[in-house]
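One structure below.
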Amino acid sequence: MALKNHTRVSEFIFSGLTQSQELSALLFFLLSIVYVTTVLANAAITVTVSCESRLQTPMYFLLRNLSVLDICFSSITAPKVLVDLLSERKTISFRGCLTQMFFFHLLGGADIFSLSVMAFDRYVAISRPLHYVSVMSRGRCAALVAASWAGGFVHSIVQISLLLPLPFCGPNVVDGFYCDVPQVLTLACADTAVLELLMISNNGLVTTVWFVLLLASYAVILTMLRSRSGEGRGKAVSTCTAHVTVVTLHFVPCIYVYARPFSALPTDKAVSVTFTVISPLLNPLIYTLRNQEMKAAMKRLKRRFLLSEGG
């Protein structure tokens with residue numbers, strides 16, 4: 001259908017997480033704690049890596065990038081969710097919805113590519129330890145990070161370009177608490193079966209294949225570690241286990257959301273909360289709680305800060 005034959009909706013209305021005022025207040029309290037903790041924890045990692053000379057290595061350079069991504073990614077949805085939990089009418093403008101989707105997929109795509117770069121970093125560190133510093137130089141790490149962001153940008157542009165030509169003439173109630181392709185696509189006043197299949201292939205299938213390849217790469221890394229011995233082996237195994245945990249927590253919800261038909265299921269909102277709010281918090285907790293070097297660096301930075309305050 002031609003877009004000119006329709007009156008485009010000016011705003012979308014979110015169904016939200018719940019209609020209960022009591023539950024909304026409880027969720028506001030809990031999600032506020034989660035969001036503030038997410039920002040502070042990831043900011044702590046960013047500052048620690050930037051200020052600690054002992055952490056000026058490729059692995060921590062990439063971890064800092066992931067922390068910045070997590071702060072930005074959680075900030076796309078969490079503040080709006082918190083405001084809506086205290087509002088009777090939960091709305092977002094048409095342009096605001098597209099903007100939210102653009103940054104959601106830009107940062108989500110960059111996150112996936114960054115996790116892939118981190119897997120490559122661990123592979124080089126373990127398979128070619130003598131050449132690690134030259135292969136993962138500061139310039140190459142910066143280029144890989146820039147490529148991750150560029151990949152997320154291209155992915156996001158593709159999503160928005162496919163949605164923009166569609167007519168949205170009503171209904172305008174989004175079954176969820178943020179704008180994303182599955183929820184918005186179902187509101188189009190057109191037959192979107194072919195486009196839905198294309199997006200499932202573009203998002204879901206690619207994400208699933210990427211997840212399997214990442215798990216296979218870590219399986220190869222862990223297999224190589226079996227021949228090692230000593231303290232270095234234990235540290236490498238711990239780091240790789242943390243990476244696998246973060247990769248799994250990020251990819252499994254993605255596969256659930258994008259690798260199936262875009263029809264609503266009862267568990268969708270719970271998975272979306274995990275994906276958008278909880279996962280960015282778990283990343284720094286997993287990396288710091290399992291990483292003695294990071295915890296020691298944070299303690300040193302805290303002591304330096306307290307000494308400077310006392311002086």
Side-chain angles (χ1 to χ4, degrees), residues 14-18 27 30-31 34-35 37-39 41-42 66-82 100-119 148 151-152 155-156 158-159 174-186 196 199-218 241-287:
F14 293 126
S15 63
L17 288 171
T18 180
L27 286 172
L30 294 175
L31 294 181
V34 170
Y35 176 61
T37 306
T38 298
V39 173
N42 282 290
L66 188 65
S67 292
V68 171
L69 280 168
D70 283 338
I71 291 173
C72 297
F73 185 72
S74 61
S75 297
I76 295 170
T77 55
K80 175 63 175 167
V81 172
L82 293 173
Q100 189 179 55
M101 276 193 290
F102 172 77
F103 284 105
F104 186 84
H105 282 273
L106 186 157
L107 295 165
D111 221 349
I112 285 177
F113 292 126
S114 294
L115 289 170
S116 305
V117 172
M118 292 174 77
S148 299
H155 165 72
S156 185
V158 170
Q159 305 303 305
V174 176
D175 185 24
F177 55 92
Y178 66 98
C179 286
D180 197 11
V181 171
Q183 296 93 331
V184 174
L185 185 64
T186 58
E196 181 178 333
M199 288 193 165
I200 290 173
S201 301
N202 180 36
N203 292 331
L205 183 60
V206 171
T207 302
T208 304
V209 172
W210 207 282
F211 178 52
V212 171
L213 290 175
L214 276 177
L215 289 183
S217 69
Y218 278 114
T241 304
H243 283 211
V244 171
T245 304
V246 170
V247 165
T248 302
L249 288 171
H250 188 90
F251 275 83
V252 170
C254 282
I255 293 170
Y256 173 87
V257 172
Y258 300 113
R260 62 177 180 83
F262 292 165
S263 54
L265 293 176
T267 53
D268 284 357
K269 291 181 182 179
V271 173
S272 294
V273 169
T274 303
F275 179 35
T276 60
V277 182
I278 307 298
S279 185
L281 170 64
L282 294 178
N283 290 356
L285 293 181
I286 290 169
Y287 280 121

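FYI, the numbering just counts along the sequence from 1. Hydrogens, waters and symmetry mates play no part in the numbers below; they use all other heavy atoms, side chains included.
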- Message: Around atom OH of Tyr218, are there more than 12 heavy atoms from other residues, nucleotides or ligands closer than 6.0 Å?
- Response: yes
- Would you check if the side chain of Thr248 reaches a backbone N or O of Val244 as a donor-acceptor pair within less than 3.5 Å? yes
- Task: Report yes or no: does Thr207 contribute a side-chain atom to a donor-acceptor pair with the main-chain N or O of Ile255 at less than 3.5 Å?
- Result: no
Can you tell me how far the [atom1] atom of [X] sits from the [atom2] atom of [Y], to the nearest 0.5 Å?
| X | Y | atom1 | atom2 | result |
| --- | --- | --- | --- | --- |
| Thr38 | Asn283 | OG1 | CG | 9.0 Å |
| Thr77 | Gln100 | OG1 | CD | 7.0 Å |
| Leu27 | Thr18 | CG | OG1 | 6.5 Å |
| Thr208 | Asn203 | OG1 | CG | 10.5 Å |
| Leu82 | Leu31 | CG | CG | 6.0 Å |
| Asp70 | Leu282 | CG | CG | 10.0 Å |

- Message: Please enumerate all residues that pass ring pair (Phe, Tyr, Trp, His ring centres under 6.0 Å) together with Phe211, with sequence neighbours excluded.
- Response: Phe251
- Message: Could you check whether Phe104 and Phe73 have their ring centres less than 6.0 Å apart?
- Response: yes
- Query: Who passes side chain to side chain contact (heavy atoms under 4.5 Å, CB included) against Ala216, sequence neighbours left out?
  - Reply: none
- Residues forming a side chain to side chain contact (heavy atoms under 4.5 Å, CB included) with Pro261, sequence neighbours excluded: Glu196, Ser263
- Message: Quiz question: by atom type and distance under 3.5 Å, do the side chains of Ser75 and Tyr35 form a donor-acceptor pair?
- Response: yes
For the residue pair [X] and [Y], what are the closest heavy atoms and their distance?
| X | Y | result |
| --- | --- | --- |
| Gly16 | Phe177 | CA-CB, 4.4 Å |
| Asp175 | Lys269 | OD1-CE, 3.8 Å |
| Leu214 | Ala119 | CD2-CB, 3.6 Å |
| Pro79 | Ser74 | CD-O, 3.8 Å |

- Item | Beyond-backbone contact of Val68 with Asn42, side-chain heavy atoms, under 4.5 angstrom | no
- Task: State, yes or no, whether a side-chain contact exists between His243 and Leu115 at a heavy-atom distance under 4.5 Å.
- Result: no
- Message: Show every salt bridge (Lys or Arg N to Asp or Glu O under 4.0 Å) that has at least one partner inside residues 71-80, sequence neighbours left out.
- Response: Lys80-Asp84
Please list, one pair per line, the donor and acceptor atoms closer than 3.5 Å that link side chains of residues 270-281 to other protein atoms, with sequence neighbours excluded.
residue: Ser272; atom: OG; partner: Asp268; partner atom: O; Å: 2.9
residue: Thr274; atom: OG1; partner: Ala270; partner atom: O; Å: 3.0
residue: Thr276; atom: OG1; partner: Ser272; partner atom: O; Å: 2.7

- Query: Can Phe262 and Val181 be said to form a side-chain contact (heavy atoms from CB on, under 4.5 Å), step by step?
  - Reply: CA-CA 9 Å; Phe262 292 165; Val181 171; 4.0 Å; yes
- Query: What residue pairs, at least two apart or across chains, pass side-chain hydrogen bond (donor to acceptor under 3.5 Å, both in side chains) with a residue in residues 102-116?
  - Reply: Asn65-Ser114, His105-His155, His105-Asp180, Ser116-Trp210
